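All ligand and atom numbering here is 1-based and tracks the order in the structure. Computed from a predicted structure; not experimentally measured.
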Amino acid sequence: MAPKDDKSTKKLWDGRFTEATNEFVEKFTASVDFDYVLAAYDIQGSIAHATMLESVGVISNNELSLMVAGLQEIKAEILSGDFNWQISLEDVHMNIEKTLTDKIGDVGKTLHTGRSRNDQVATDIRLYLRDKIDSISILLSRLQSGITDLAERELDTILPGMTHLQVAQPITFGHHVMAWHAMLDRDYERLMDCRRRVNIMPLGAAALAGTTFPINRQLTADLLGFDGIAENSLDAVSDRDFAIEFASFASILMMHLSRWSEEMILWSSSQFEFIELPDRFCTGSSIMPQKKNPDVPELVRGKSARVFGSLTTLLTLMKGQPLAYNKDNQEDKEPLFDTVKTVEDCLTAFGDMIPAIITKPDNMRAATKKGYATATDLADYLVKKGLPFRDAHDVVGKLVAEGIKLELDLSELDLAIMLKASPLIEENVFDVLTLEGSVNARDHLGGTSPNQVKQAISRARKRLAARQTT
Ligand code: ARG
């Protein structure tokens, strides 16, 4: 879409003006080269508004029919790329309104009765965002469903669980990725919560104070599928907190995606070699023939920056504005549109990639063994034999030191060495020192045992299925 720089067009608002707009100012104040994205929503809003005007007797049935037909024609032209966008008409709203008047004559001029661009634009953004929230929620659910498939596939694959990026305790790969799933569950809830506040109709607030026409706001809201009506006209036209809320949701989501990106980048490095990302999600180096770079997670990690930036932009944009509408608000669109696109792209890329992760269980197991990951299990074993936990911690610490000296894992130490550290240790100690024994023992709600992960997956799938029916 490249709007024409057509200086000859008469403005829709220049009745009181005595000179033409400065050429640079015309371009500086125009928003059509980005707000054209709202066109379909603008037309949807206009048709609802006109329908309401007809029902309360402000326009005739014939006028309504002409307007609706004209607006549908404009919509088709926009979709096919034939629409003549003009910078001199400033924004999407006036481009459409002026074209309507060109098409159907003076009747087109009555469309704006009882309405202002201020409530019009606020309505358009809300319709746009509601639509995008719905498509993003589908992408989010798709990714979550991919995670449950991966978790099921790797239900009992042993992975070193880490704290401080050091091997801590054995966990299952399935449990690890279900942690990602849990993060997305909350992101989904935040998105749905945001949708409730987005889906409120500003139309009827007009410029700032309402209108003198006998409008029926409930009818317009019903036609547009809004769940509620903004109850204060000043607030309705001016606040963009719903967009800030969406950007907050998006920032938290991107923070989560960025964390997993970091894990996947580490895991696929030759230092870890826990996973491999399929070739179709990687690229090579133009100079180093051996390279296979994890570009998708790197880009997702990088793109979190622009989303956080947009949140800051929107907050800063809003914070100094007195009531009601100010032209500042025109600046809400680009960060919002960019955030929507970034989130859609990242969820799409991850939705394709996550279920396709190739794991390398032998390497994960070897890394788990290297880190004395079952030390806590040995301490728990001693506690169950009556030793206070702090003393048990000390005994195991000494055995770990011994293991380091002998270059042996705890499960490889002689029973005699163990007995020297504590007479409470018996032959059956080796059962708790195996990696499988360790994960299986954590068999409670939220624990890492394959049995628990299986149940977590089934609960997660039930929640995902319930989303589709609500
Ligand atoms: N393009 C404007 C925006 O995005 C539309 C509203 C303009 N209203 C006005 N009073 N100048 O905010």
Quiz item: What part of Asn118, side chain from CB on, backbone N/CA/C/O, both or neither, has a heavy atom under 4.0 Å from ligand 1?
Solution: side chain
Quiz prompt | Modelled atom types, side-chain donor and acceptor of Asn329 and Gln321, under 3.5 Å | solution = yes
Quiz item: Got the closest protein heavy atom to atom 1 (N) of ligand 1, with its distance?
Solution: Gln330 OE1, 2.8 Å
Exercise. Look at atom 11 (N) of ligand 1 and say which protein heavy atom is nearest, naming residue and atom and giving the distance to 0.1 Å.
Key: Arg117 NH2, 3.5 Å
Quiz item: Does a salt bridge link Asp42 with Arg117, judged by any charged N lying under 4.0 Å from a carboxylate O?
Solution: no
Quiz prompt | Check: Pro202 main-chain N/O paired with Arg217 side-chain donor or acceptor under 3.5 Å | solution = yes
Exercise. Output the list of atoms in ligand 1 that are nearer than 4.0 Å to some heavy atom of Lys333, sorted by atom number.
Key: 3 (C), 4 (O), 12 (O)
Self-check item: Enumerated ligand 1 atoms positioned under 4.0 Å from heavy atoms of Ser31
Solution: 1 (N)
Quiz item: Mind checking whether Phe28 and Phe24 have parallel, tilted or perpendicular rings, split at 30° and 60°?
Solution: parallel
Quiz item: Parallel, tilted or perpendicular: which fits the ring planes of Trp180 and Trp260, with parallel below 30° and perpendicular above 60°?
Solution: parallel
Quiz item: Are any of the side-chain nitrogens in Arg196 or Glu189 under 4.0 Å away from the carboxylate oxygens of its partner?
Solution: no
Quiz item: Can you list the ligand 1 atoms lying under 4.0 Å from a non-hydrogen atom of Asp91?
Solution: 1 (N), 2 (C), 5 (C)
Quiz item: Does the N or O separation between Glu90 and ligand 1 drop below 3.5 Å for any pair?
Solution: no
Quiz item: Are Arg365 and Asp362 within salt-bridge range, i.e. N to O under 4.0 Å?
Solution: no
Self-check item: Contact (N/O only, under 3.5 Å) between Arg240 and ligand 1
Solution: no
Practice problem: List the closest protein heavy-atom neighbour of atom 3 (C) of ligand 1: residue, atom name, distance to the nearest 0.1 Å. | Solution: Tyr325 OH, 3.2 Å
